[in-house]
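Presented below is the structure to which this report refers.
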Amino acid sequence: MAKQITGAKLLLAGGHQISIGAGAVAELVRIMETRPEAASRIVLVEGNELLLHWSQISAIQIFSAGK
């Protein structure tokens with residue numbers, strides 16, 4: 001069975017934490033890999049967005065299920 005991403009914990013500069021669902025994890029990983037100059041808009045759920053620059057992210061802890 002392949003691993004399925006179930007969510008993540010986003011650790012931000014300044015000690016803040018945000019728990020997010022599986023849908024936004026791929027976008028967060030893309031931001032950390034490409035490190036764009038502009039801030040990126042991430043849709044957490046329909047109607048709730050996060051405007052984030054890669055330099056604000058301290059760490060991403062990704063949770064998965066499966067082997």
Side-chain angles (χ1 to χ4, degrees):
M1 176 183 356
K3 287 188 178 183
Q4 178 182 4
I5 294 176
T6 58
K9 184 184 296 183
L10 182 62
L11 305 171
L12 301 174
H16 297 284
Q17 298 180 13
I18 300 174
S19 295
I20 60 170
V25 174
E27 184 65 18
L28 288 170
V29 170
R30 184 197 64 78
I31 289 170
M32 291 306 295
E33 289 176 343
T34 60
R35 296 183 179 194
E37 289 299 317
S40 300
R41 186 177 309 271
I42 301 167
V43 177
L44 301 175
V45 293
E46 187 64 35
N48 289 315
E49 300 176 339
L50 182 64
L51 188 60
L52 190 66
H53 189 266
W54 67 266
S55 64
Q56 296 171 303
I57 302 172
S58 297
I60 301 173
Q61 182 179 12
I62 299 174
F63 304 108
S64 62
K67 293 183 179 183

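Keep in mind it's a predicted model, so treat the numbers as computed, not measured. Scope of the values below: all heavy atoms of this structure, side chains included, with no hydrogens, waters or symmetry mates.
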Verify the cluster assignment for [X] and [Y]: are they in a single hydrophobic cluster under the rule of side-chain heavy atoms below 4.5 Å apart?
X   : Y   : value
I5  : L28 : yes
I18 : W54 : yes
I60 : F63 : no

Please round to the nearest 0.5 Å and tell me the distance separating atom [atom1] of [X] and atom [atom2] of [Y].
X   : Y   : atom1 : atom2 : value
L50 : R41 : CG    : CZ    : 10.0 Å
L12 : I57 : CG    : CD1   : 7.0 Å
R35 : S40 : CZ    : OG    : 13.0 Å

Where [X] and [Y] come nearest, the two heavy atoms and their spacing:
X   : Y   : answer
I31 : P36 : O-CD, 3.6 Å
I62 : A8  : CA-CB, 4.1 Å
A13 : S58 : N-OG, 3.4 Å

Salt bridge check: are E33 and R30 linked by an N-O gap of less than 4.0 Å?
->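 Salt bridge: no.
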Does Q56 use its side chain to pair, donor to acceptor, with the backbone of H53 at less than 3.5 Å?
->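 Between the backbone of H53 and the side chain of Q56 there is a qualifying donor-acceptor contact (under 3.5 Å).
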Out of I42, L10, I20, which one pairs with V25 under the side chain to side chain contact (heavy atoms under 4.5 Å, CB included) rule?
->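 The residue from I42, L10, I20 that satisfies side chain to side chain contact (heavy atoms under 4.5 Å, CB included) with V25 turns out to be I20.
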